[in-house]
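In what follows, a structure is listed as structure tokens, so that the remarks can point back to it.
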Number of protein chains: 2
Amino acid sequence: MSLRERAGQYSEAQLRTIETALELFADHGVGGTSLQMIADALGVTKAAVYHQFNAKEAIVLAVLEVYLAPLEDALEEAEAAGGTPKARAALLSRVIEAAVERRQAVSTLQNDPVLVRVLGDYEPSRQLWSRLFAVLLGDDLDDRARVRAAVLSAAIGSVGHAFVADVDDETLKTQLRDLTRRLILLPG
Amino acid sequence: MSLRERAGQYSEAQLRTIETALELFADHGVGGTSLQMIADALGVTKAAVYHQFNAKEAIVLAVLEVYLAPLEDALEEAEAAGGTPKARAALLSRVIEAAVERRQAVSTLQNDPVLVRVLGDYEPSRQLWSRLFAVLLGDDLDDRARVRAAVLSAAIGSVGHAFVADVDDETLKTQLRDLTRRLILLPG
DNA sequence: GTCTATAGAATGATAGAC
DNA sequence: GTCTATCATTCTATAGAC
């Protein structure tokens, strides 16, 4: 089942929980966020949250699925268009757009140790990630390309940095597109 | 008191605790790391850890002080040399070097919500950060420069990314120096 | 500096009523 | 779908002996 399909199966109440959980994860880290905190933020009891998700891990996984789903859409369009430079640029734009629109959360999704572990252990997200970077940077990467890939990934994650907190969305997107395009198209 | 001086006041036992704590923070996040875990990793009891630091917050602060101290050294040399391009390049090199040598921990130090909060609330680290980026990127930054600063910071933080886990230290340093110099010297 | 022992609160998770 | 009540476990932190 695709990430899009998995993400589409959550109820309204579950989606509210997922959204709330992500905000708390961003503020306190996954490990620093308790089910009590999530329940309080939702205005319900812990038991109500356990009715939606049978464990904290399930919430963490759901958060990942919901926020990776839009990337899957963008990726499939790019793959369908072939590996053309135009398709790559369009994919990069959409990834940046998605990141900027969820600024506070991106750094958490990319860096929180718990989410990183789940992201690495969970097959659908593994595949998404390798397909994404295959389109953006090519299939088999040498050391030089790997560093570029890591920097590219981190550059996108910089949308949540304090330095750009006051930069408006459009400016941030434009500047980031510029910088990251240079990273991708940089001559060997 | 400078960060260097503060960091220099910790005992051997405290430094062992700080080192161990940082490793656990990197694996589980600050919020996901208990004093019990730290004590177990050190092979002592919780009470022994509390003898060294009266609270978990004190350990977090100590971790920051110890790992920012080398940056303070590098920064002061660069400031003494004036804002010459040569001094900037040398500073950037030392920052990258320090980051590569502590790969697993850098992402935690830069991204963990608890550490980010402490880093923002703690005056000595605030000053260090603004001085550092003043030397690297100039004093008053417009939006464009702010995005570059955030990307530069994130690029340095990418040393811990899974993509470069197998890249050896020297290659990583060289490639990162290349990419980040382009970021700094990029024409407006 | 390290230990045992403990206090008191918070944790993840479950059972059963409405 | 939400509640109250509860479980065993773990948490931060402290007191006092060696």
- [ ] Taking heavy atoms of chain B and a 4.0 Å limit, find me the 5'-most and 3'-most nucleotide of DNA chain C within that range.
- [x] C/dG1 to C/dT4

- [ ] Decide yes or no on side-chain contact (heavy atoms from CB on, under 4.5 Å) for A/Thr180 and A/Ile184, but give the supporting numbers first.
- [x] CA-CA 6 Å; A/Thr180 51; A/Ile184 289 186; 5.6 Å; no

TODO: Report the C-alpha separation of B/Arg146 and A/Asp166 in whole Å, then their side-chain angles, then the decisive distance to 0.1 Å, and conclude whether the salt bridge (Lys or Arg N to Asp or Glu O under 4.0 Å) test is met.
DONE: CA-CA 9 Å; B/Arg146 280 200 203 126; A/Asp166 291 337; 5.3 Å; no

Open item on the list: With no hydrogens and no angle check, just 3.5 Å: does a side-chain donor-acceptor pair link A/Tyr67 and A/Glu19?
Closed with: yes

TODO: Verify whether one side chain among B/Glu5 and B/Ser2 offers a donor that lies under 3.5 Å from an acceptor in the other.
DONE: yes

Open item on the list: Let's go through A/Tyr10 and A/Gln52 carefully: what are the C-alpha distance in whole Å and the side-chain angles of both, what is the deciding distance for side-chain hydrogen bond (donor to acceptor under 3.5 Å, both in side chains) to 0.1 Å, and is it a yes or a no?
Closed with: CA-CA 9 Å; A/Tyr10 292 112; A/Gln52 298 171 0; over 6 Å; no

Open item on the list: Closest-nucleotide mapping onto DNA chain C: is B/Gln14 or A/Ala55 further toward the 5' terminus? I mean the 5' end.
Closed with: B/Gln14

Open item on the list: So, applying side chain to side chain contact (heavy atoms under 4.5 Å, CB included) with A/Asp112, which one of A/Leu109, A/Thr108, A/Val116 is it?
Closed with: A/Thr108

Open item on the list: Quick check on side chain to side chain contact (heavy atoms under 4.5 Å, CB included): which of A/Val151, A/Val159, A/Leu176 does B/Val151 satisfy it with?
Closed with: A/Leu176

TODO: Answer yes when B/Glu57 and B/Arg117 have at least one side-chain N-carboxylate O distance shorter than 4.0 Å, and no when they do not.
DONE: yes

Open item on the list: Counting the atoms with a prime plus P, OP1 and OP2 as sugar-phosphate, which does B/Thr17 contact under 4.0 Å by heavy atoms, base, sugar-phosphate, or nothing?
Closed with: nothing

Open item on the list: Counting primed atoms plus P, OP1 and OP2 as sugar-phosphate and everything else as base, spell out the protein contacts along nucleotides 4-10 of chain D at 4.0 Å heavy-atom distance: B, S or - for each nucleotide, 5' to 3'.
Closed with: B------

